[in-house]
Asker: 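Okay, here's the structure, questions in a sec.
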Protein chains: 2
Amino acid sequence: MVSIKDVAAEAGVSVATVSRVLNSHPSVSPDARARVLAAVETLGYRPNAVARSLRTDQTRTLGLVISDVLNPYFTELARSVEEAARALGYSVIIGNADERPDLQDHHVRTLLDRRIDGLLVSPTDGGSPLMLEAARAGTPMVFVDRWIAGVDVPVVRADGREAVRDLVRHLHGLGHRRLAIIAGPAATTTGSERVEAFREALREHGLPLPEELIGQGDFQAASGRRVTEAFLALPEPPDVVFAADNLMALGALDAIRARGLRVPQDIGLAAFDDIPWFVHTDPPITAIAQPTGELGRAAVRALVDRIEGRPPESVTLPARLVVRRSCGEQSPENSPA
Amino acid sequence: MVSIKDVAAEAGVSVATVSRVLNSHPSVSPDARARVLAAVETLGYRPNAVARSLRTDQTRTLGLVISDVLNPYFTELARSVEEAARALGYSVIIGNADERPDLQDHHVRTLLDRRIDGLLVSPTDGGSPLMLEAARAGTPMVFVDRWIAGVDVPVVRADGREAVRDLVRHLHGLGHRRLAIIAGPAATTTGSERVEAFREALREHGLPLPEELIGQGDFQAASGRRVTEAFLALPEPPDVVFAADNLMALGALDAIRARGLRVPQDIGLAAFDDIPWFVHTDPPITAIAQPTGELGRAAVRALVDRIEGRPPESVTLPARLVVRRSCGEQSPENSPA
DNA sequence: ATCCTCCGTGTAATCGATTCCACGAGAGGT
DNA sequence: ACCTCTCGTGGAATCGATTACACGGAGGAT
């Protein structure tokens with residue numbers, strides 16, 4: 001591999017000068033600059049990012065640890081994060097935790113070992129010692145989507161409270177009264193918050209949320225299936241099932257189908273997180289859409305602010321309800337006048 | 001940040017000894033080893049991967065450049081690649097090319113600058129000079145899914161020829177005669193191969209593949225929509241549309257829906273690449289499934305073989321047809337006796 | 001007792017960059 | 001004509017690891 005020394009030799013200058021040209025330092029003569037550039041060209045020289053990082057103590061790399069790449073929501077988030085980071089001259093290394101705390105720790109550790117400049121995390125659990133320690137030690141860090149309470153780290157997320165309220169109003173308007181939820185792990189903020197928002201919205205309509213209508217899922221399709229089967233086996237099954245993420249909604253659809261039931265005639269279904277496929281499922285699924293792209297961009301902005309010494313800002317964006325047909329059609333008597 | 005020097009000081013030994021302990025070099029006394037380990041523990045020392053890479057000239061990192069992360073097929077591929085790499089002690093940096101040659105080049109360049117140990121590529125186009133140059137220069141490289149002809153690089157991919165033949169037989173058995181295809185970019189191997197396989201399979205049944213039934217797509221949903229609209233506007237529209245990837249199938253479904261037509265009654269739909277969502281679309285979509293996980297594992301195996309000096313192997317795995325309902329139901333008279 | 005090995009350890013070179021500091025040349029002021 | 005200042009440049013230290021080499025001491029062989 002050709003190094004800066006080779007370039008220096010070829011151009012007849014010192015390595016210092018080559019470095020100066022490459023970093024567009026002002027005090028280099030036009031002549032030297034030209035010779036260096038020519039040498040770079042003929043040798044096909046590319047600076048070694050590893051060496052540069054060692055010296056400058058910055059990698060211009062961001063780490064992104066997400067809970068599950070196979071979840072389209074996170075895929076899209078990852079994509080927008082990469083895009084935003086690239087625009088600011090940063091690369092992104094993605095670590096997929098697969099909803100497993102041990103894997104999450106593995107990635108955080110590797111990322112830290114690689115001396116990434118900052119970390120974007122969507123924690124799978126309440127927070128491993130490793131991550132808390134890193135945050136305390138001053139690693140620039142931003143939580144995205146999910147967060148951990150009691151840590152002084154900016155959070156970029158969507159607030160679904162209002163959208164959940166809209167959803168419940170929609171369901172109530174459709175005549176549904178017995179509403180169930182497939183919750184995410186209580187250790188995740190999104191897991192507990194969505195249940196809370198749901199419960200609160202129900203209360204506003206004077207509806208209860210009994211224990212048997214709260215199913216404990218883990219944001220994976222299989223758990224959605226399992227919980228839904230339990231709902232359906234109830235003496236009095238729910239009118240509608242609200243899944244706290246899109247994968248569990250998929251599992252719920254499976255379970256409903258397996259029972260030979262139809263959506264929405266026999267039971268309604270709604271999901272948190274909207275994805276392109278929901279338009280094409282049978283039936284199209286009513287969902288709460290997060291501004292994923294904006295979330296990714298805001299997270300990168302906050303992290304880079306933090307890295308470059310500017311005060312980072314926590315950001316909360318509203319989610320919104322997208323009504324489709326999976327909870328029943330608007331009939332004349334309950335449509336808005 | 002605590003460095004190896006701090007550990008050496010704390011343990012009362014030289015940095016060489018610390019390094020030896022950390023790399024489990026045999027000649028270290030039990031006493032010294034214990035003291036070093038203790039020091040590592042109390043200081044919370046973690047070796048700087050950047051420095052180590054500079055010295056050893058290996059990063060234990062693989063680069064993966066894929067055409068489109070949002071495509072579930074590639075997401076799954078990326079996931080299996082990461083998994084397999086992790087098992088072998090490698091990290092993976094993913095570069096998303098978004099089907100854009102310039103972005104692909106950007107990622108290849110950054111990855112090379114970071115001195116990744118090897119590169120896994122699914123080229124968006126016929127091959128940029130940059131990539132060919134890297135291959136020639138000896139960068140360990142393996143093509144996955146798509147490849148570039150005339151380059152001495154192992155290829156790990158699925159062969160869909162047989163599955164396409166099965167598909168056409170299935171369609172023919174259902175009475176469909178006018179079959180159309182939404183092709184991928186001709187510059188990609190998967191783009192041209194799938195059309196070829198389709199054409200050949202049609203020939204076996206004495207069916208033609210006229211120009212007007214070959215639509216040019218780019219593996220993105222929008223192009224599937226556009227091409228399908230054109231098909232539907234034909235004086236004699238096709239009986240079935242076969243999309244060369246799942247995203248274009250999604251677009252096709254959109255277009256068909258927008259025309260107010262029903263699948264499969266008015267027109268059939270099939271896709272290359274099977275994904276979980278196809279089970280839940282309306283109707284469930286008949287597709288050709290690739291052994292994605294196995295593909296990812298084989299690709300990593302080949303690349304790591306190449307990196308570690310063993311002869312790498314090209315691998316071709318069979319794809320298989322998964323029949324669902326999007327091309328029509330099996331009716332009594334054409335069901336297998 | 002002497003010599004040779006081998007083992008554990010430390011010193012220092014090295015990887016490829018960046019950057020501080022010193023130095024010489026030329027310009028400009030007096 | 002001399003001093004000063006600026007500018008372009010090179011030498012060398014530095015980042016944090018790994019590793020070749022040297023060295024001293026212990027143990028075994030003769």
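Order of the sequence lines sets the chain letters (A, B, ...), proteins ahead of strands, with each chain counted from 1.
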Asker: In whole angstrom, give the distance that lies between atom CG of D57(B) and atom P of dA17(D).
Answerer: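 Going from CG in D57(B) over to P in dA17(D) covers 18 Å.
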Asker: For R33(A) and dT9(D), what is the distance between atoms CZ and C1' respectively, to the nearest whole Å?
Answerer: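 In whole Å, dT9(D) C1' and R33(A) CZ are 13 Å from each other.
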Asker: Given dT9(D), dG10(D), dG16(C), which nucleotide is nearest the side-chain atoms of A32(A)?
Answerer: dT9(D)
Asker: What is the distance, to the nearest angstrom, from the CZ atom on R115(A) to the P atom on dG16(D)?
Answerer: 9 Å
Asker: Is a side-chain donor-acceptor pair under 3.5 Å present for R157(B) with T190(B)?
Answerer: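 Looking only at side-chain atoms, R157(B) and T190(B) do not form any donor-acceptor pair under 3.5 Å.
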Asker: Considering heavy-atom distances to DNA chain C, does V50(A) or A16(A) have its closest nucleotide positioned more toward the 5' end?
Answerer: V50(A)
Asker: Whole angstroms only, please: what is the NE2-C1' distance between H25(B) and dC6(C)?
Answerer: 13 Å
Asker: What's the closest nucleotide to the S14(B) side chain, out of dT9(D), dA17(D), dT11(C)?
Answerer: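 Nearest nucleotide to the side chain: dT11(C).
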Asker: For A49(B) and V13(A), take the nucleotide of DNA chain D holding the closest heavy atom to each; which residue's nucleotide lies nearer the 5' end?
Answerer: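 Comparing both residues, the 5'-ward one is V13(A).
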Asker: Using heavy atoms to find the nearest nucleotide of DNA chain D for R20(B) and S3(B) separately, return the residue whose nucleotide is more 5′.
Answerer: S3(B)
Asker: Roughly how many Å is it from CG in L54(B) to C1' in dA13(C), rounded to a whole number?
Answerer: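 Spelled out: CG on L54(B) to C1' on dA13(C) is 13 Å.
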Asker: Under 4.0 Å between any heavy atoms, over every strand shown, what does N23(A) touch: base, sugar-phosphate, or nothing? Just pick one.
Answerer: sugar-phosphate
Asker: For a quick test of reading the model: is some side-chain N or O of N48(A) closer than 4.0 Å to OP1 or OP2 of dC15(C)?
Answerer: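 It does not, given that no N or O in the side chain of N48(A) lies less than 4.0 Å from OP1 or OP2 of dC15(C).
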Asker: Would you mind reading off the distance between I4(B) atom CD1 and dT18(D) atom C1', rounded to a whole angstrom?
Answerer: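 It is 8 Å, rounded to the nearest whole Å.
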Asker: D31(A) CG to dG26(C) P: how many Å, rounded?
Answerer: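 Atom-to-atom, D31(A) to dG26(C), this comes out as 15 Å.
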Asker: Verify the contact: side-chain N or O of S29(A) to OP1 or OP2 of dT9(D), cut-off strictly under 4.0 Å; return yes or no.
Answerer: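 Yes, such a contact exists.
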Asker: Under 3.5 Å, is there a donor-acceptor pair linking the side chains of S80(A) and R297(A)?
Answerer: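 Side chains of S80(A) and R297(A): no pair found under 3.5 Å.
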Asker: Indicate yes or no: does D113(B) engage R46(A) in a salt bridge with an N to O separation below 4.0 Å.
Answerer: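 Answer for the salt bridge query: yes.
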Asker: Base, sugar-phosphate, or nothing: which does S19(B) touch, judged by heavy atoms less than 4.0 Å apart?
Answerer: base
Asker: If you go through the side-chain atoms of R55(B), does one of them form a donor-acceptor pair with the base of dT14(C) closer than 3.5 Å?
Answerer: yes
Asker: In whole Å, I'd like the distance from the CZ atom of R52(B) to the P atom of dG16(C).
Answerer: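 It is 18 Å, rounded to the nearest whole Å.
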Asker: Quick check on dG10(C): is either OP1 or OP2 less than 4.0 Å from any side-chain nitrogen or oxygen of T17(B)?
Answerer: yes
Asker: Under 4.5 Å between any side-chain heavy atoms of R52(A) and N48(A), yes or no?
Answerer: no
Asker: Going by the side chain to side chain donor-acceptor pair (under 3.5 Å) test, name the single residue among T292(A), D245(A), D145(A) that passes it with Y73(A).
Answerer: D145(A)
